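This structure is a prediction, so every number in the text was calculated from the model and none was measured. In this chain, residues are counted from 1 in sequence order.
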Amino acid sequence: QLGYVDTPLDAKEVGKELFGRPCRLALALWILGHHKSRFYQSEPPREVILQGEVAKELRRLVRLGMLEELRPDDARRVYYDRTDSPLWKIIEAAADVVDPR
């Protein structure tokens, strides 16, 4: 698990996990622009990512320490909280230069 720690992350691993597929940046941009830091797994719209791909891509962001996964005992939904990982600064920079579609 990569997770945010005080030591630098491996550039190749971060690059693969964060940008290895076109939907990853689109999903990260959606999360960054979402009105709340918490959202549930099926919330990202189909225009951003196909529902069959969401769980796998969210797990990647969890491994990078950008999201925290929450599975309340009394809820059927899987929730995610955006963390304060410095990797979000990369997504913020991308948001300034790309069209989120």
Side-chain angles (χ1 to χ4, degrees):
Q1 181 170 359
L2 293 173
Y4 176 68
V5 292
D6 290 334
T7 58
L9 297 174
D10 180 71
K12 288 182 181 178
E13 188 67 22
V14 170
K16 182 183 91 178
E17 293 287 334
L18 195 53
F19 297 113
R21 296 184 67 211
C23 64
R24 289 188 190 143
L25 181 56
L27 178 60
L29 289 169
W30 179 86
I31 294 167
L32 189 64
H34 191 59
H35 61 284
K36 297 180 190 174
S37 65
R38 178 175 287 181
F39 61 95
Y40 53 92
Q41 183 172 304
S42 60
E43 202 169 344
R46 177 177 226 88
E47 304 83 58
V48 172
I49 187 168
L50 297 176
Q51 286 302 309
E53 300 293 318
V54 174
K56 178 172 50 172
E57 298 306 332
L58 290 173
R59 280 193 301 272
R60 289 179 188 282
L61 296 177
V62 169
R63 284 195 301 270
L64 285 167
M66 297 172 74
L67 294 176
E68 181 181 352
E69 184 179 286
L70 305 162
R71 293 179 180 263
D73 292 336
D74 60 342
R76 292 186 193 185
R77 291 181 171 167
V78 177
Y79 291 89
Y80 293 87
D81 272 336
R82 193 173 67 230
T83 69
D84 62 354
S85 168
L87 292 174
W88 285 110
K89 292 184 186 317
I90 295 169
I91 305 306
E92 290 170 5
D96 290 339
V97 297
V98 299
D99 183 346
R101 288 180 278 141

So do the side chains of K36 and R82 get within less than 4.5 Å of each other, counting heavy atoms only?
no

Atom CZ in R24, atom NZ in K56: separation rounded to 0.5 Å?
7.5 Å

Whether E43 and R77 form a salt bridge (side-chain N of Lys/Arg under 4.0 Å from carboxylate O of Asp/Glu) is what I want to check.
no

Mind listing the closest non-hydrogen atom pair of P44 and Q51 along with its distance?
O-NE2, 2.9 Å

In this structure, CD1 of I31 is separated from CZ of R38 (nearest 0.5 Å) by 14.0 Å

Check step by step if side-chain contact (heavy atoms from CB on, under 4.5 Å) holds for F39 and L67.
CA-CA 10 Å; F39 61 95; L67 294 176; 4.1 Å; yes

For the residue pair Y40 and Y79, categorise the inter-ring angle as parallel (less than 30°), tilted (30 to 60°) or perpendicular (more than 60°).
perpendicular

Indicate yes or no: does E57 engage R59 in a salt bridge with an N to O separation below 4.0 Å.
no

Taking every heavy atom of G65 against every heavy atom of S85, the minimum-distance pair comes out as O-CB, 3.4 Å

Grab the two heavy atoms, one from E69 and one from R71, that are nearest each other, plus how far apart they are.
OE2-NE, 2.8 Å

Distance in Å, L29 CG paired with H34 NE2, rounded so as to fall on 0.5 Å steps
14.5 Å

Can you confirm whether I90 sits close enough to F19 that some side-chain heavy atom of one is under 4.5 Å from a side-chain heavy atom of the other?
yes

Does the S37 side chain pair with the main chain of D81, one donor and one acceptor, at a distance under 3.5 Å?
no

Would you tell me whether E68 and Y80 have side-chain atoms, one donor and one acceptor, within less than 3.5 Å of each other?
no

Sort out for me which residue in L58, L32, I91 forms a side-chain contact (heavy atoms from CB on, under 4.5 Å) with L27.
L58

When you look at W88 and M66, which way does the side-chain contact (heavy atoms from CB on, under 4.5 Å) test go after all the steps?
CA-CA 7 Å; W88 285 110; M66 297 172 74; 3.5 Å; yes

Heavy-atom count check: over 12 atoms from other residues, nucleotides or ligands less than 6.0 Å from D96 CG?
yes

